[in-house]
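Labels below follow one simple rule: chain letters A, B, ... track the order of the sequence lines, proteins then strands, and each chain is numbered from 1. All values below come from the heavy atoms of this structure, side chains included, with hydrogens, waters and symmetry mates left out.
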Amino acid sequence: MSFDLIIDWLQATLRWSAPLLLVSIGEVFAERSGIINMGIEGIMLSGALCGIAICYLTKSVTLAVLVTLLLGAVLGMGVAYLTVSRRTNQVVTGLMINMLALGATDLLFGLLSGSRHVRVATFPTLFPKSFHSIPVVGKILFQQPVSTWVAFILPFLAALVLYRTTWGLNVRSVGDNPQAAATAGLSVIKIKYQTVILSGIFAALGGCVLTLGEVGYFASGGMTGGRGFIVMAAVVVGGWDPLRTAAACIIFGAADAAQLRFQAVGSVIPYQFLQMLPYVITVISLTIMVKRSRVPKTWGAAYDPEDV
Amino acid sequence: MKSVTKSKMIRMPLIGDVMMSGARTVIGIVMGLVAGGILIALSGVNPFAAYASMLRGAFGSLPAFSNVLVRASPLLLGGIGVAMGIKAGVWNTGIEGYMYLGAIGAAVVAIQPLSIPPILHVLLSFVVGMLFAAVWGLIPGYLRAYKGVNEVTSTIMLNYVAIYLTSWLVSSPQPLAEEGAFYPMSKLFQESAQLPILMRGTSLHPGAFIGIAICLLFYFILNYTPFGFRTRMLGSNINAARYSGVDTKKQVVFIMVIGAILGGLSGAIEVTGLKHRVYMEFVTGTGYQSVAVALLAGGNPLGVILTALFFAALKAGGATMSIETGVGASMTDVIIALCVIFVIAVGVDGRRRMKKKTAKAETAVTTEGKEDEHVV
């Protein structure tokens with residue numbers, strides 16, 4: 001338990017929060033418009049594999065990110081078609097998307113490499129090498145990959161868009177009162193599609209950051225480890241507000257980072273208990289925070305345009 | 001107004017409705033299988049050959065079919081656990097966690113050399129397993145009913161906790177663990193605590209038959225008992241249930257715990273019948289598959305029997321297909337998910353109208369300001 005360890009933990013906290021932050025941005029918008037995209041876990045997993053695969057095949061990180069964004073948009077469109085146009089149950093749809101992604105990523109990863117040992121380059125760091133040796137801040141901030149910086153800036157932008165633009169207002173009104181929004185001339189269906197596609201894009205990006213931002217490999221069989229569900233919990237804990245959700249994500253990220261640090265150092269507590277930590281904290285914080293949250297009025301309900 | 005006349009036109013007598021909903025499921029499954037075939041073709045394997053090998057692997061011989069029954073056992077019990085929840089409007093997605101807890105509970109008894117008849121030893125293992133799972137299920141049930149925590153998130157989080165708990169309990173210094181094992185696992189179960197093998201040369205244990213019996217039992221409970229009526233009322237109209245004096249919160253906890261007990265039994269059967277040990281990740285994937293089973297069955301216990309056997313056949317056949325044609329065994333999961341997605345996407349008009357009413361009812365509750373009823 002030393003100073004170095006704490007620095008190390010802070011650095012890891014920022015890094016492990018980054019994917020959660022990115023995924024949470026899209027999910028906040030989708031849920032604000034009334035649609036719970038429970039498929040983010042599966043979309044994250046697909047994004048994680050897509051990032052690795054494209055990076056492995058083309059050796060270009062930029063191309064990998066672009067293709068991942070496209071994949072996220074397509075999967076988000078699929079979820080939107082089912083939940084918005086077909087009005088399927090949002091929980092069922094999400095769970096099945098997750099199951100589909102779990103199976104499909106395993107299959108595709110098997111095709112990609114027989115040996116299952118694909119290692120690729122990760123995201124570059126934003127600052128030059130000379131910054132890295134600055135004590136404390138150098139390690140915590142300047143050694144972070146680009147993705148971490150992006151992930152920490154985007155929630156502020158998201159809050160700006162949600163509260164200060166017309167589109168943000170439209171999203172909120174569609175989630176709170178779709179009938180009124182439709183009467184005012186908004187296309188409820190269109191806005192719901194936009195937010196769900198957005199959540200797909202960010203979920204895929206988050207998955208990509210999970211693999212390309214940090215580890216540089218893919219492990220089939222659910223390497224996202226329920227992070228999509230942790231983000232969903234963060235959105236509830238954060239009261240559907242981009243910034244407070246981001247804060248919740250950072251707390252969960254910190255638990256994740258602590259778990260890994262303690263495992264490496266070795267402690268009297270069995271490491272399995274540390275592995276439980278992020279999940280236990282998620283459930284506890286949900287329990288504490290749930291009553292204080294203001295739920296979007298038509299959260300999770302199907303919208304029928306013929307309904308008056 | 002047009003929509004009203006339209007929905008009147010397709011209004012059919014009861015048997016017609018049943019046929020419609022049955023047809024919807026069949027159409028969805030066929031579409032799922034076709035889509036799966038396209039994916040198999042894309043991975044460079046003849047889909048007809050793959051499906052033929054799948055059929056052979058599931059029904060080709062008596063041992064093959066006994067394998068289907070073995071795989072059906074956890075799906076039947078997990079499926080009925082989820083289905084009970086669906087009838088009551090609760091998503092019990094924690095089957096995987098309950099299975100781990102049930103297996104641990106069973107192991108606690110099963111590794112002890114007790115001088116009691118084998119049947120009692122097995123039953124005692126089951127009871128302790130179900131007890132462990134019931135306590136585990138009480139957590140999300142209580143949180144959902146009294147704290148308003150969404151049960152999907154909490155049960156899935158608790159699944160991960162259960163996995164790591166199992167991993168800890170079967171690692172070396174713990175009393176359950178086998179010492180010096182190459183992979184963390186529990187001690188081998190006593191002979192007297194293992195389920196009998198029903199057919200020589202296979203691993204057919206009575207689990208599937210227990211599962212079918214329990215599905216029939218719950219069909220009876222749901223349709224012909226006051227408890228079943230309250231459960232269905234909760235799912236179809238929670239306000240009506242509340243006004244007619246049902247303690248909806250208690251009912252939700254009951255349903256979650258019953259689902260947990262069934263999941264626990266499923267885990268206990270899996271370890272006493274098939275694995276004879278507990279180790280980490282011995283049930284991977286069964287949790288989601290149980291949800292798929294219950295969904296495709298529409299929460300109907302008799303439907304659970306059919307869909308569980310269907311998915312078990314896909315899984316058993318998928319393993320054979322994987323060996324014979326080289327298509328990964330995960331293709332089964334993909335096909336199952338596709339089937340369910342197509343079934344829910346192929347909607348009929350009548351179902352849509354119903355759904356809208358529920359959504360409306362929910363909004364009505366919100367506007368009345370009953371914030372404590374919100375589950376998030």
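Side-chain contact between Gln90(A) and Met38(A) is absent, with no heavy atoms from C-beta onward closer than 4.5 Å. Between Tyr303(A) and Thr298(A) there is no side-chain heavy-atom pair separated by less than 4.5 Å. Counting only heavy atoms from C-beta outward, the side chains of Leu107(A) and Ser43(B) never approach each other to under 4.5 Å. Phe282(B) places a side-chain heavy atom less than 4.5 Å from the side chain of Tyr100(B). Between Ser285(A) and Ile251(A) there is no side-chain heavy-atom pair separated by less than 4.5 Å. Counting heavy atoms from C-beta outward, Glu151(B) and Asn92(B) have side chains that stay 4.5 Å or more apart. Between Val196(A) and Met77(A) there is no side-chain heavy-atom pair separated by less than 4.5 Å.
If you measure heavy-atom distances from Ile230(A) to chain B, the contacts under 4.5 Å come from both the backbone and the side chain. Looking at Thr166(B), there are no atoms closer than 4.5 Å to chain A (heavy atoms on both sides), in backbone or side chain. Of the two parts of Thr332(B), neither the backbone nor the side chain holds a non-hydrogen atom closer than 4.5 Å to a non-hydrogen atom of chain A. Heavy atoms of Tyr142(B) lying under 4.5 Å from chain A are absent altogether. Both the backbone and the side chain of Gln289(B) come within contact range of chain A, each with at least one heavy atom under 4.5 Å from a heavy atom of that chain. When heavy atoms are compared at a cutoff of 4.5 Å, Val152(B) approaches chain A solely by way of its side chain, counted from C-beta outward. In this structure, no portion of Tyr81(A) lies under 4.5 Å from any heavy atom of chain B. Using a 4.5 Å cut-off between heavy atoms, Trp91(B) touches chain A through its side chain atoms alone. Both the backbone and the side chain of Leu338(B) come within contact range of chain A, judged by heavy atoms closer than 4.5 Å. Heavy atoms of Glu31(A) lying under 4.5 Å from chain B are absent altogether. Only the side chain of Leu82(A) comes within contact range of chain B, judged by heavy atoms closer than 4.5 Å. For Leu165(B), the parts lying under 4.5 angstrom from a heavy atom of chain A are both the backbone and the side chain.
With respect to the salt-bridge test (charged N to carboxylate O, under 4.0 angstrom), the residues Asp333(B) and Lys315(B) do not qualify.
Listed options Val334(B), Asn159(B), Leu39(B) were ranked by heavy-atom pairs under 4.5 angstrom with chain A; first place goes to Val334(B). Put simply, of Asn98(A), Val91(A), Leu95(A), Val280(A), the one with the most heavy-atom pairs under 4.5 Å next to chain B is Val91(A). With respect to chain B, the highest number of heavy-atom pairs below 4.5 Å among Val283(A), Thr282(A), Val92(A) belongs to Val92(A). Residue with the most contacts toward chain A among Ile336(B), Leu143(B), Val340(B), Ile156(B): Ile156(B) (heavy-atom pairs, distance under 4.5 Å).
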Evaluate Thr83(A) against Thr93(A) for side chain to side chain donor-acceptor pair (under 3.5 Å), listing each step before the verdict.
CA-CA 7 Å; Thr83(A) 53; Thr93(A) 312; over 6 Å; no
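Proximity of a side-chain donor or acceptor of Lys192(A) to a complementary backbone N or O of Ser33(A) within less than 3.5 Å is detected.
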